[in-house]
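The figures here come from the full heavy-atom set of this structure, side chains too, leaving out hydrogens, waters and symmetry mates. Residue numbering restarts at 1 for every chain, and letters A, B, ... go by the order of the sequence lines.
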Amino acid sequence: MIKIATWNVNSIKARLPNVLKWLDSQNPDVVLFQEIKTVAETFPYLEFEERGYNMLVCGQKSYNGVAILSKFPLENKITSLIGNEADKQARYAEAVINGNLKVASIYLPNGNPIESDKFPYKLEWLERLLEHVKQLMSSNLPFVLGGDFNVILNDKDVYSPKAFADTSLCHTEVIKKMRSILNLGLTDALRAFNKQSGVYSFWDYKHGCWQKDNGILLDYLLLSPEATDMLKSSGIDKEPRGWERPSDHAPVWCELAG
DNA sequence: ATGGCGATTAACAATCGA
């Protein structure tokens, strides 16, 4: 059994005590981080090495940044999407683990406000991801794409659909593009077992959202058909959201057989 | 919900996130 988790940590340096506490209790084999908010030079490699992880870091100062931790060797490392070489924003990291499973850590652009150039950037990014997933589908390796997709796919995934209706998270074009990616044949590991409403992975720091359980489901583990065949269980670990100095996102995890 | 929180920085006020 292999346990894979994705977690938007909102700064790996600010979150290090929480992240280590969580790693030591959950012991995942693979972790996909988003919003590490630092460059590779200042990434806390040592603490993760001590716990037996190999790493791929795609860092950026202050903003964004993604990383992959794996107890298995990492090969065929990629840190940008196709056609994305000029992209200064660190939002994609991909590697093959143990020679038999491809994983990617994805931090999709937020895209707000819709009137700004951030919104077309989000749509472009989704288009590049679509093209890349098409390529992944044509290869024979099973894969898992994990991350913060900044998309609210269904009304049941948000505490107040009305409050987010006019944001980029719910925009028709964004949902349409995200669905076209999913429709290539991806399975949301969480939704494969749990169709309930009120299942969230993000709670805003503001307005007492955590205390009121005013959350949103923004983080997914998307599985290729072959990876879906191996899927055994999945869930969201809400506990770290209740700790001191938490990230505003909770880790999402799944277990694959083999 | 304008804002409220929390993280960042050629740092203590401005910017960003969802």
Side-chain angles (χ1 to χ4, degrees), chain A residues 6-20 22 32-44 57-67 87-92 105-123 125-126 129 146-175 177-178 190 197-220 236 238 240-252:
Chain A
T6 181
W7 193 5
N8 179 325
V9 291
N10 184 17
S11 170
I12 194 66
K13 288 195 280 187
R15 217 62 60 214
L16 193 58
N18 284 12
V19 168
L20 295 179
W22 176 78
L32 310 167
F33 285 132
Q34 299 85 41
E35 282 208 272
I36 62 170
K37 291 189 171 180
T38 194
V39 291
E41 288 72 21
T42 45
F43 188 82
V57 176
C58 174
Q60 185 182 333
K61 193 175 184 175
S62 306
Y63 305 113
N64 312 317
V66 290
D87 196 342
K88 297 277 192 294
Q89 301 191 16
R91 297 178 176 277
Y92 190 87
S105 181
I106 294 172
Y107 179 46
L108 221 115
N110 172 300
N112 278 316
I114 288 173
E115 308 75 40
S116 72
D117 53 8
K118 292 174 185 177
F119 186 69
Y121 174 70
K122 181 178 194 171
L123 292 178
W125 215 96
L126 277 161
L129 183 60
D148 174 1
F149 287 80
N150 271 317
V151 179
I152 300 173
L153 283 168
N154 302 288
D155 277 0
K156 68 175 179 180
D157 298 337
V158 55
Y159 69 96
S160 169
K162 200 181 280 185
F164 288 84
D166 295 329
T167 70
S168 70
L169 306 182
C170 293
H171 195 281
T172 318
E173 287 301 309
V174 168
I175 291 174
K177 280 217 190 298
M178 189 66 202
L190 184 84
S197 63
V199 178
Y200 306 134
S201 64
F202 166 88
W203 296 261
D204 202 305
Y205 291 122
K206 294 179 278 191
H207 322 300
C209 281
W210 169 246
Q211 289 75 11
K212 291 186 271 192
D213 196 28
N214 284 350
I216 315 176
L217 181 60
L218 296 177
D219 303 87
Y220 317 127
I236 297 180
K238 288 173 68 172
R241 183 61 183 83
W243 293 347
E244 290 294 309
R245 284 195 87 192
S247 167
D248 40 8
H249 293 253
V252 181

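At a non-hydrogen distance threshold of 4.0 Å, A:Phe202, A:Tyr205, A:Lys206 from residues 199-206 of chain A come into contact with DNA chain B. Residues from residues 108-121 of chain A that place a heavy atom under 4.0 Å from any atom of DNA chain B, listed by number: A:Asn110, A:Asn112, A:Lys118.
Taking side-chain N and O atoms only, A:Asn150 has a distance below 4.0 Å to OP1 or OP2 of B:dA18. OP1 or OP2 of B:dA7 has at least one side-chain nitrogen or oxygen of A:Arg245 nearer than 4.0 Å. Between B:dA7 and A:Arg15, a contact under 4.0 Å exists linking OP1 or OP2 to a side-chain N or O.
A straight line from NE2 of A:His207 to P of B:dG3 spans 9 Å, rounded to a whole angstrom. A:Trp210 has its CH2 atom 17 Å from the C1' atom of B:dG6, to the nearest Å. Nucleotide B:dG17 holds its C1' atom 10 Å from the CZ atom of A:Arg91, rounded to whole Å. Rounding to whole angstrom units, CG of residue A:Asn8 and C1' of B:dG6 are separated by 13 Å. Following rounding to the nearest Å, A:Glu35 (CD) and B:dG6 (P) show an atom-to-atom distance of 15 Å. Rounding to whole angstrom units, CG of residue A:Leu16 and P of B:dG6 are separated by 19 Å. The distance from atom NE2 of A:His249 to atom C1' of B:dA18 is 7 Å, rounded to the nearest whole Å. Between the C1' atom of B:dT8 and the CG atom of A:Asn10 lies a distance of 10 Å, rounded to the nearest Å.
Although no hydrogens or angles enter the test, the distance criterion places a donor-acceptor pair under 3.5 Å between the side chain of A:Asn110 and the main chain of A:Asn112. Using modelled atom types, one side-chain atom of A:Gln60 and one backbone atom of A:Ala90 make a donor-acceptor pair closer than 3.5 Å.
Taking the six-membered ring where tryptophan is involved, the planes of A:Tyr92 and A:Trp125 are tilted, since the angle between them lies from 30° to 60°.
Residues A:Trp7 and A:Trp22 place their aromatic rings such that the two centres sit under 6.0 Å apart.
Rounding to the nearest 0.5 Å places CG of A:Leu218 at 9.5 Å from CG of A:Asp248.
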Taking only N/O atoms, report every protein-nucleotides 9-15 of chain B pair under 3.5 Å with atom names and distance.
residue	atom	partner	partner atom	Å
B:dA10	OP2	A:Lys61	NZ	3.1

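A side chain to side chain contact (heavy atoms under 4.5 Å, CB included) with A:Ile36 is found for one member of A:Asn10, A:Thr42, A:Val57, A:Asn8 and no other, namely A:Val57. Partner A:Phe33 forms a side chain to side chain contact (heavy atoms under 4.5 Å, CB included) with one of A:Val66, A:Asp148, A:Val9, A:Thr6 and no other, that one being A:Val9.
Taking atom P on both nucleotides, B:dA7 is separated from B:dT2 by 24 Å, rounded to a whole Å. Here, B:dG6 and B:dA10 have their P atoms 23 Å apart, quoted to the whole Å. A distance of about 22 Å separates the C1' atoms of B:dA13 and B:dA18, rounded to the whole Å.
Counting any heavy atom pair closer than 4.0 Å across all strands shown, A:Phe149 reaches no nucleic acid atom. Across all strands shown, A:Ile152 has no heavy atoms under 4.0 Å from either base or sugar-phosphate atoms. Backbone-only engagement by A:Asp148 is indicated by non-hydrogen atom pairs under 4.0 Å involving sugar-phosphate atoms exclusively.
Side-chain contact, A:Asn214 with A:His207: no donor N or O sits under 3.5 Å from an acceptor N or O. Residues A:Tyr121 and A:Asp87 bring a donor and an acceptor atom of their side chains to less than 3.5 Å of each other.
Take the nearest nucleotide of DNA chain B for A:Pro246 and for A:Thr167: the residue whose nucleotide is more 5' is A:Pro246.
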